[in-house]
Amino acid sequence: AAAAAAATTTTTSSSTTVGLSADGTATHLNVANVTAGESIVDGEQSTPVLVCPDVPQSEEELQARLLASETNVARLQLGNSKLLDRVRELEKQAVKGRGKSTSGLEAQHRSLEQELERVREEARTWQQQAVTAERAAQAVPVLQHEKDLVVQALERLRADYDAYMDEAGLTALAHAKARLQERCENMNDDLQTLQQELESSRAEALSLRAEKKRLTAHASKLELALSQKLPQTAKTTSVNAQLQQEISILINENLEMREQVETLEKKLRAAERERRRLLVAGGSGSASRPGSPQRDFTGAMSPTARLSPTKAAAHPSAKVLGMLKFAEKDIQRIVDKVVIQLHPRDMDHSLPGLPGHVLFMCVLYADYVQNGAMLQGILTKSMAAIKEVVMRSAADLGLLAFWLTNTFRLLTDMKQFSSDPQFKTTDDTQSRSLSNFDLQEYRMVLSDLLVNIYHTIVKHVEHQLAVLIVPALLEHESINGVGSSTPLKHGRAAAAAAAASVAAAKATTRAPASLSSTGLPVAGAAGQRPEEHEEKALQTAAAIKKASVASVLTVLQSAVELLEQHCVEPKIVRQVFCQVFYFINCTLVNNLLLRKDFCHWSKGMQVRYNLTKLEEWARTHNLEAAGDMLAESIQITKLLQVNKTRMEDVDVICETCERLNPLQVQKILTMYTPDDFEERVPAAVIRAVVQRGADKADPAKLMLDAAHVFPVTLPFSPAAPKFPTLALPPALDVDFWEKI
């Protein structure tokens, strides 16, 4: 019973000996390095629980281990049978000697049971080892195959190594090693250079940071001082604009007061000369000595006497200064000759902007002789004369372009040859720069005059296009056969269309007050007789009826040719046409939003074709930015042509009309007139489009503001000639100035 209840265990024994001696006592047998893997209960084999870690390395070793295991198992079985026989014999002896003391037998019985249990454990261990050996025998072929593969790979590697390690291979290897070393040295040199540059850059960055900190502190101090002097409301954009306008007004008033002072000084000098003449005639004055410079009563030299030393000093020097020497009394004659009496055809074969350069040469001379009154007189009178010519010839686009170029060149010369570092150039080192007077205030006034001329040109072109845009781009059918499906207007519909067209024209065309807000009015019908005005009106009406896209392109082409003929700065030309195309876009959008008869797919196709012609013209003249101003009109024409009857079309509509606000899209979809085979736009689609665009930050305005004016940017593009070598044309060759 004790032998049957023996439990199975998994242990590792380093050395165990079990056996029986001749007298029945237990002896030990040597069993080394055995790991229990299976258990045996009542002679039956159970599931293995441990695996022998000592796997044989060869088949001979495996066979030897199997033979040893079988021998040990046989010995154990023999010992087990002997122990059983001994137990039976002891039981028989116990029956015979019941009266004797059984304490020794019980002890022997317990020791025998323990030995029996050990023998069973040893048997189980040897059986597990046998199973492990069997599994190892099965794994030997796989291991042998893997060993063969490894040996083959090693042989291939050795063959490749032997093939490469010949003389050629060693030479190539040596060359590669030399190249690598050279490259490594070069990289080390580059690394050192980069480290040095990094150190210098860090030092420079530190100095720049210190300079930036100093400038920031200085700027903060200036801002603090400015905020203390100016009211808090002066920090807004609108107040800044008002301040700038007030400054311009004050500068103009200052210049006017200077002119008045100059006039009064002239009158005072004339009165003093008259008084001196009377005193000399009365015998109370002394005659001046011959050859001495004449002076007035105040002791100041007369203009002629002041100019003569400069002339005498200029002749001994052979250097040409590139200035126009003149007398202060001849300023008005110079202005009349260069500005008022000059016509563009007199400068056909001369340098572009030559009158502006000539005026600046006079400014250079006034600065050279340090005569502030002369400098003030030539600048103020020149700007007043240019303004007068522009106001008088506002209907002549060629003359406007001519003086736009000359005014821009005069302003650019005043910047280029000033002492301001931001305008300093090294193109012309021969010409003299301004060194005695700061002309910043005069540059501001001249910039305002230049902007006024720019706006006058824009309004001139817009005035010519205003009567052509609707009949030429909206009503004219450039594609034959497409407009036949457009709904016809009868009765109230025709009257409503006419009223909408008038309203759009009022919303788009600028008021006369706005035209003259800059002080330079555009062309009008003033000075015409009634018959001439009526005849011109009839001709205009006839031209409007025949208007087409070609009519608009003719106006644009004429304008760009005149601007290019007079060499207007290209950046200013682009700004002019950006403003003009914005005016065209506003007129088109406002009419499309107000006239229901235009809200049809065929009209959208016609207008899109006309706008394509304008875009092609803009690209031809490198005015792509101007063509982009037609974005809203183009998107409306696309909206008239896309499908808009299903909810699936909402995404396409929103992508097509990204520049339009929801109110404008809703207006177009509501006024859309379907064809016979079309459905009216469902209210659900309109509502979905409006909700999709409700998150736009722009305020929802139906009409575009045609009176909006983009800010004008005056570029700095120095193109002054070398004044010492500049030759004057015959139209400007006069006797009251001299080139020095």
Side-chain angles (χ1 to χ4, degrees), residues 339-348 350 352-356 385-411 449-469 472 509-510 512 514-528 532 536 539-540 543-544 547 550-584 587 614 617-618 620-623 626 629 706 709-710 712 714:
V339 180
I340 296 178
Q341 301 174 5
L342 189 65
H343 195 272
R345 63 172 174 268
D346 298 331
M347 299 285 108
D348 286 342
S350 301
L354 182 61
I386 293 173
K387 186 176 181 179
E388 178 184 354
V389 170
V390 171
M391 292 177 64
R392 189 175 64 237
S393 306
D396 189 352
L397 184 58
L399 191 63
L400 295 175
F402 177 76
W403 281 112
L404 179 65
T405 299
N406 290 313
T407 308
F408 177 77
R409 285 302 154 204
L410 176 59
L411 177 63
L449 177 59
L450 188 60
V451 172
N452 290 339
I453 301 174
Y454 166 90
H455 286 307
T456 306
I457 292 176
V458 171
K459 292 166 191 173
H460 179 89
V461 180
E462 290 176 356
H463 181 74
Q464 290 181 321
L465 291 174
V467 295
L468 297 176
I469 295 175
T509 307
R510 304 178 186 178
S514 65
L515 293 179
S516 59
S517 60
T518 59
L520 300 174
V522 297
Q528 291 183 350
E532 294 178 356
K536 186 175 181 180
Q539 294 176 356
T540 304
I544 290 174
S551 304
V552 177
L553 295 180
T554 300
V555 175
L556 296 175
Q557 185 66 27
S558 175
V560 75
E561 285 178 357
L562 283 174
L563 294 176
E564 292 176 354
Q565 177 184 350
H566 294 287
C567 300
V568 178
E569 175 66 25
K571 294 181 181 178
I572 298 180
V573 174
R574 285 194 286 269
Q575 295 181 65
V576 168
F577 283 95
C578 283
Q579 188 71 51
V580 170
F581 272 63
Y582 173 79
F583 175 78
I584 296 174
T587 306
L614 292 182
W617 181 89
T620 303
H621 294 82
N622 296 324
L623 299 172
M629 293 293 170
V709 178
F710 295 106
V712 184
L714 300 177

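The structure displayed is predicted, hence computed values, not measured ones.
Between Glu569 and Arg409 a salt bridge is recorded (basic side-chain N to carboxylate O distance below 4.0 Å).
Results of the side chain to side chain contact (heavy atoms under 4.5 Å, CB included) test with Tyr454 over Leu450, Val458, Ile457, Asn452 single out Val458 as the only residue that passes.
Gln579 has its side chain out of reach of Gln575: every pair of non-hydrogen atoms, C-beta onward, lies at least 4.5 Å apart. Looking at heavy atoms from C-beta onward, Ile453 lies in side-chain contact with Ile386 at the 4.5 angstrom threshold. Using a 4.5 Å cut-off on side-chain heavy atoms (C-beta onward), Leu556 and Phe577 make contact.
Formation of a donor-acceptor pair under 3.5 Å by the Ser558 side chain with backbone atoms of Thr554 is not found in this model. Between the side chain of His343 and the main chain of Arg345, a donor-acceptor pair closer than 3.5 Å is present. A donor-acceptor contact shorter than 3.5 Å links the side chain of His566 to the backbone of Gly398. For Ser393 (side chain) and Leu399 (main-chain N/O), no donor-acceptor pair under 3.5 Å exists by modelled atom type.
Counting all heavy atoms, side chain and backbone alike, Ala401 lies closest to Leu563 at CB-CD2, 3.7 Å. The two residues Ser551 and Leu468 come nearest to each other via the heavy atoms O-CD1, 4.2 Å. Leu397 approaches Ala559 most closely through the heavy-atom pair CD2-CA, 3.8 Å. Between Leu342 and Met347, the shortest heavy-atom distance links the atoms CD1-CE, 4.0 Å. The two residues Cys578 and Ala626 come nearest to each other via the heavy atoms SG-N, 3.7 Å. Between Gly356 and Leu410, the shortest heavy-atom distance links the atoms O-CD1, 3.6 Å.
With rounding to the nearest 0.5 angstrom, the CE atom of Met391 is 9.5 Å from the OG1 atom of Thr456. A distance of 11.0 Å separates CG in Leu400 from OG1 in Thr405, rounded to the nearest 0.5 Å. One finds the CZ atom of Phe408 at 14.0 Å from the CG atom of Leu449 (value rounded to the nearest 0.5 Å). With rounding to the nearest 0.5 Å, the separation of CH2 in Trp403 from NZ in Lys387 is 15.5 Å. Once rounded to the nearest 0.5 Å, the distance linking NE2 of His463 with CZ of Phe583 reads 10.0 Å. Rounding to the nearest 0.5 angstrom, the gap separating the OG1 atom in Thr407 from the CG atom in Leu714 is 11.0 Å.
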Q: Go through the steps for Ile584 and Met629 under the test side chain to side chain contact (heavy atoms under 4.5 Å, CB included), then give the verdict.
A: CA-CA 9 Å; Ile584 296 174; Met629 293 293 170; over 6 Å; no

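Below 30°, between 30° and 60°, or above 60°: for Phe581 and Trp617 the angle between ring planes is below 30°, a parallel geometry.
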